[in-house]
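Notes follow the structure.
In what follows, chains carry the letters A, B, and so on, assigned in the order in which the sequence lines appear, proteins first and then strands, with residues in each chain numbered from 1.
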Amino acid sequence: MYVSAVLDVLSSADGPPGLLPARQQMAMSLGWHIILACFGVAFPTMIYVVHRRGIVKDDPVALGLAKKWAKVSAVLFAIGAVSGTVLSFEMGLLWPGLMGRFGDVLGLPFAFEGLSFFIEAIFLGIYLYGWGRMPPRRHLMMLIPMATAGVVGTFCVVSVNAWMNQPTGFTLVPSTDGSPARVTDVNPWRAMFNDAVWLQFAHMWVGAFMLVGFVVAGVYAAGMLKGRRDAHHRLGFSVPFVFATIAALLQPVIGHVLGLQVGKAQPSKLAAFELATTTESPSPLRIGGLLVDGEVRWALDIPRLGSLIARNSFTKGVQGLDTIPPADRPPVNITHVAFQSMVGIGTLLALAVVVFWLARWRGHDLLGRRWFLRFAVVAGPLAVIALECGWIATEVGRQPWTVWEVLRTEDAASTSSGLWWSYAVAFVVYVGMTIGAFIVLRSMARRWRAGDEDLPAPYGPARSPAGETTSR
Amino acid sequence: MSLAVVVAIALFVGVLAYALFGGADFGSGFFDLTAGSAEEGAELRLLIDHSIGPVWEANHVWLIYVLVMWWTAFPGTFAAATTTLILPLALALLGIVLRGASFAFRKYAGSLAQARIFGAVFAGSSLITPFFLGAVAGAVASGRVPAEGNGPVLESWLHPTSLFGGAIAVGACAFLAGTFLTADAQRSGHDALAEKLRVRTLGVGVVTGVVVFAALLPIRDDARTLSDRLLGVATPLIVLSGIAGTAALVLLWRRRYSRARIGAVASVAAVILGWGVAQYPWILVDQVSIEDAAGARATLIGLLVVVALAAVIVLPALVYLFWLTQTEAWSTSDDGAPASSGRAVDG
């Protein structure tokens, strides 16, 4: 929800009546969906690891963990699937100006994503209902297509976003009568494999493992804080934490290379990231700070470091915002704060995992320390915030363009004035779904702790043929 | 046949698949809603959960396929339809969201009280969605979506063709679900339940059949282009639908449930195909033809690559899933005990 609150600041009186509610609704629904999408991408791999351990080492603890994670993933996948469907409707309901003109340019990766989603849904169905009904090893193998589809799906969806950042694969023919330029020479494959896609994909994919790894590990850290220090909790913590560790250490490297690319392709976005009002060579690294009346206030400048991080150079500067026409500048403060929050949290999490493994190498198990467990609990939400901030940075930083230097957001948005209603209903539904998911997941956890598995019949005590009511 | 028409057919195959597979899932919501109190409905609700649980996510993806094919192959008409039909589309979407979420929530609910609330939402929203999707189809088929989009928000779908479209969709879904559930109930040994479902499905089938043929009259005045072809080239399909539907009812009556399924599927498929044939060569009837709406040629070819890949990768997997749900092992309840006992032993 805070995504839309943040984007509220973007309010401007210009543009069609649908612009603001369209942007709000998209930010809310995408910001919500992306958390679940991460689970769809990263969770099957983690379940595979524990499930395989359960089978190969004949480890009942691991097997039990895999079973529980599978049930959690069933809930998350279901609401992820519907919130993903919301997004496909919204592409047309909110952004007809984008879909009507560029649908055939950007549509192909969506079609491949549909394909991979199909595979994921099919094998999830098989996997969930396969417990006790399939030979164990074949059952385990059902996770492989799911995990693979997660990778392909991430690539496809990110491909569309990368295309919006670095559009390619078509030609614009200016019209003479004042109507929008015509789109010709469409090459959907070129659009799909655009120059930005690989790095953006890597960033998102690794980000998904960071998010899920820290969130799931945090759940078991919370259990340990309450004194549940059994093998179940240790395994439940360590598997996702190992994934989170690798992801957290890879992410800064990928992010750095991606940043270099942004500087070349979208200088105004980089300028907003770095809060560079003018081009300084070399540029300082500006930590914190806000732009107030065109002046940078409350920033901590570290000389030269900005050039090194953003441009890989000791001398080259970050191109300043003053080189961008005012009408083409993104909302600087939101972009800058979101970007720095992402980087700050990412750095903190990377340091934390280094500390944990260094301590372990020296023979100290930090899982015995309450301060570390508390941090591990908080790391989950922090990873979620970092991911959301990353999306805010890249999306708000692209403004005022929906398709970089090709289509302005106000021309992409619906002209319908009824969109505030749609946004209001969507808001209520998403709050309801959040509460529903929370209640169900929490009561699942309680039931498991009490030793029960599921409700006898999902909807009420079933009557057995003998007539007596069974219950557990 | 032009490339655009081939892609349009591929798109329509998705519509058909969604109507049949997704439709059967949605229709089970009708039976869930009318199953009675928690205690007396438990057996039926358990059966529904068991029948659609493994497949509903996969069946749902057909909708995504249709949307993506539509906006990629015929982008302008997609924008025109979404801006004009924003209300029925948003309501259908609301139903999809509430239904999918509450179905999963119900399955894993913590208490009976929770399960009841989620179950009511699931069942109720299962009716909303087919109605509004049917209304959208009616609006498109009756030529009420202007090529430039932004048509009237209400008048575009508040008319006989759309309303009958919605009613037919709801009825067809319920009929499909009814025949499948009756067969499932018999197969898993719930004979009394099968008997109860048989009566209800017969009722639903008769009502739906009457609505389908009654709709031909108002559509005649309301949607000229459509009805000319419905009562022209598409007539064999309408007749086929009548015959197959009647056969399904007779087979249900005579308790030949697994054969009745074939009749039910054929009758619904024939109605949908009839609509498709009647709508040809338009994508938005009276407004934009398939030819004129098609996007870039390179993209259409790309889409056919996707369709070919789907045939190689997705179809076998889908067949495997459906095959599994029909096997002996999967006919037992979640806990390894026969589904008929309702007794639970952890397996």
Would you list the pairs meeting ring pair (Phe, Tyr, Trp, His ring centres under 6.0 Å) in which at least one residue belongs to residues 80-99 of chain A, sequence neighbours left out?
none
Go through the atoms of B:Val314 and report whether side chain, backbone, both or neither lie under 4.5 Å from a heavy atom of chain A.
both
If you apply the rule side-chain contact (heavy atoms from CB on, under 4.5 Å), what do you find for A:Val72 with B:Tyr108, and how did you get there?
CA-CA 9 Å; A:Val72 171; B:Tyr108 298 103; over 6 Å; no
Tell me, side chain or backbone of B:Leu300 under 4.5 Å from chain A's heavy atoms, or both, or neither?
neither
Interchain contact, B:Ala317 with chain A, by part (heavy-atom threshold 4.5 Å)
both
Specify which of A:Val429, A:Ile79, A:Leu108, A:Leu98 makes the most heavy-atom pairs with chain B at under 4.5 Å.
A:Leu108
Options A:Val105, A:Leu106, A:Ile126, ranked by heavy-atom pairs under 4.5 Å with chain B, top entry:
A:Ile126
Tightest non-hydrogen contact, residues A:Ser88 and B:Phe78, listed as O-CZ, 4.2 Å
Inter-residue atom distance A:Phe110.CZ - B:Met69.CE, 0.5 Å rounding:
15.0 Å
Working to the nearest 0.5 angstrom, can you tell me the gap between B:Leu63 CG and A:Thr85 OG1?
6.5 Å
Find the distance between CG (B:Leu318) and CD1 (A:Ile122) and round it off to the nearest 0.5 Å.
4.5 Å
What part of B:Ile86 lies closer than 4.5 angstrom to a heavy atom of chain A: side chain, backbone, both or neither?
both
Heavy-atom contact with chain A under 4.5 Å, split by part of B:Leu303
both
At a 4.5 Å cut-off on heavy atoms, which part of A:Phe77 comes close to chain B: side chain, backbone, both, or neither?
both
Checking the side chain of A:Arg101 only, and the main-chain atoms of B:Pro75 only, is there a donor and an acceptor separated by less than 3.5 Å?
no
Ignoring hydrogens and angles, write down the donor-acceptor pairs under 3.5 Å from the side chains of residues 145-154 of chain B, residues two or more places apart or on other chains.
none

Interatomic distance, A:Ser422 atom OG to B:Leu87 atom CG [nearest 0.5 angstrom]:
10.0 Å
Between chain B and each of A:Gly418, A:Gly92, A:Gly97, A:Ala426, count heavy-atom pairs under 4.5 Å; write down the option with the most.
A:Gly92
